[in-house]
Amino acid sequence: MHHSTNNTHLLIYPCPGYGHVIPSLELAHHLLGRGLTITVIISTDDLPLIDPLLSSYPTSLHKLLFTNPKVNPSPQPLIAKILSTQQLFDPIVKWFKSQPSPPVAIVSDFFLGWTTELASHLGVKRVMFSTSGALGSSIFHALWRDIPNINNDNANEDENFLISFPEIPNAPQFPWWHLPPASRGFKNGDQDFESFRTTILANMRSWGIVYNTFEGLEGVYIDYVKKQMGHDRVWAVGPLLPDEHSPMDGPRTGPNGAPPHDLQMWLDSKPLDSVVYICFGSRATLSEKQMCALIGALKLSKINFVFSVKASDSSSMIPNGFEEDRVAGRGFIVNGWAPQLAILKHQAVGSYLTHCGWNSILEGIAAGVMMLAWPMGADQFANATLLVDQLGAGKRVCEGGPEIVPDANELARLLDESLNGDLQERVKVKELSEGAIKAVKKGTSIRDLDMFVKLVSEV
Ligand code: UDP
């Protein structure tokens, strides 16, 4: 059911940063393919990400460029940065008023809950777009709802204080130290704390929610969100990933990727399912001790591996001659940005050591590779719970902040086992992979996307 003559205009407003902009643009791509007109609010830093899409849809895609607003000094720089986006309220209103046919809805990131007020001021619908899963975002929401009480109950900031959410299916609970430092560092009544809490809670007043997930993965949590919202305008349209012909395949390979040719030849030379891909997302970096343990484990293990090392990981932590001598042809180090999707899809890659960012989890599932989970912060603990404890599609190898270090021998064993062991997890992830492919080809995710397009076109 494609609406090729549909010229409904939507404003898509992603939160700045790769992990948020990439899936938002993938959503834009699917909507543009259904004939919608889309304007994307984008910051100068993220501009290169949208260029390929602009050339594919020169008449129906527009960019609305804003320089990043000034960030007030704060002990919580990430929160302050997110809050600074509220300065765009008036400029966006002004832009709306100048449009001959302005958007009928604002589809914005769940960090930008204040756009609920913006939309109601403009008399249009607000749709929340979640780049986290339904479990991760439900926990995040409940946490910010309850945090004043949690802070009171845990006034002495006991690291192991257990926080539980009995109303969420499977009653998730986790220790206080799993909370992002951003929420741990706040005190009730802090100005940024209250503003951020207000903006997050406003999400529940959205007209609808679009999730980058699929029913076969998180059905029970999607139903829970529908119940919380009191209506069914909750659509699971994921995994939002580029197919072979998508203009979005390019940006995913990112700046300073490895020479794809070298990497391709290296991967082509390796047997089926003989390589572990190692990457901790676009932001997380390993501490020196963690890096030491990982390097030790790689030396002890017998596996082949591709390791995406961020510039900020300080490549000096990788010993000289590591690739050539110590692991003799078994390792390929990518300094900078690895073409992750291409790597995961390569038949030589059989498992994936991941920080459990939501995009990375979806990409691993779609590729059908068994995952070794090393959650470090944000929604990653929730994602690991879903992946490891609930779906049985991965194994946990370590969890926690920079001071928590895995045992090199044990990690080496898990790396070897992930490719050679007789593991139920590998069977499970292949099943999920088939489910993901089916959902976006002709299944539930297409149904939800079409329903979203239909309802938003009627408003
Ligand atoms: N990514 C990549 N190459 C890298 C590092 C990351 O292509 O070297 C991509 C990855 O495929 C994913 C995104 O960056 O799409 C990371 O998002 P995720 O939600 O997993 O984690 P975050 O970076 O937000 O922590």
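Residue numbers count from 1 along this sequence. Note that ligands are numbered from 1 as they come in the structure, with each ligand's atoms numbered from 1 the same way. Quick caveat, the model's predicted, so the values are computed rather than measured.
Residue contact check: G357 has heavy atoms under 4.0 Å from atoms 18 (P), 19 (O), 20 (O), 21 (O) of ligand 1.
Residue contacts with ligand 1: Q380 is placed with no nitrogen or oxygen under 3.5 Å of a nitrogen or oxygen of the ligand (distance criterion only). Remark: ligand 1 and A338 share an N or O pair separated by less than 3.5 Å (distance only, no angle test). The shortest N or O to N or O distance between N359 and ligand 1 is under 3.5 Å.
When each of K395, E425, M370 is tested with E417 by the rule side chain to side chain contact (heavy atoms under 4.5 Å, CB included), just one qualifies, namely K395. M291 pairs with exactly one of V405, V309, T285 by the side chain to side chain contact (heavy atoms under 4.5 Å, CB included) rule, that one being V309.
Under 4.0 angstrom from ligand 1, the non-hydrogen atoms of E363 all belong to its side chain.
Between A382 and I139, the closest heavy-atom pair is CB-CD1, 3.9 Å.
Ring geometry for F193 versus W144: interplanar angle of 30 to 60°, hence tilted.
Between W114 and F196, the distance from one ring center to the other does not fall under 6.0 angstrom.
Among W358, W337, Y277, the residue whose heavy atom lies closest to atom 9 (C) of ligand 1 is W337. For atom 23 (O) of ligand 1, the candidate residues are C279, G281, S282, S132; the nearest heavy-atom contact is made by S282.
Ligand 1 has at least one atom lying under 4.0 Å from a heavy atom of H355.
Using a 3.5 Å distance cut-off with no hydrogens or angles, the side chains of Y211 and S137 do pair a donor with an acceptor.
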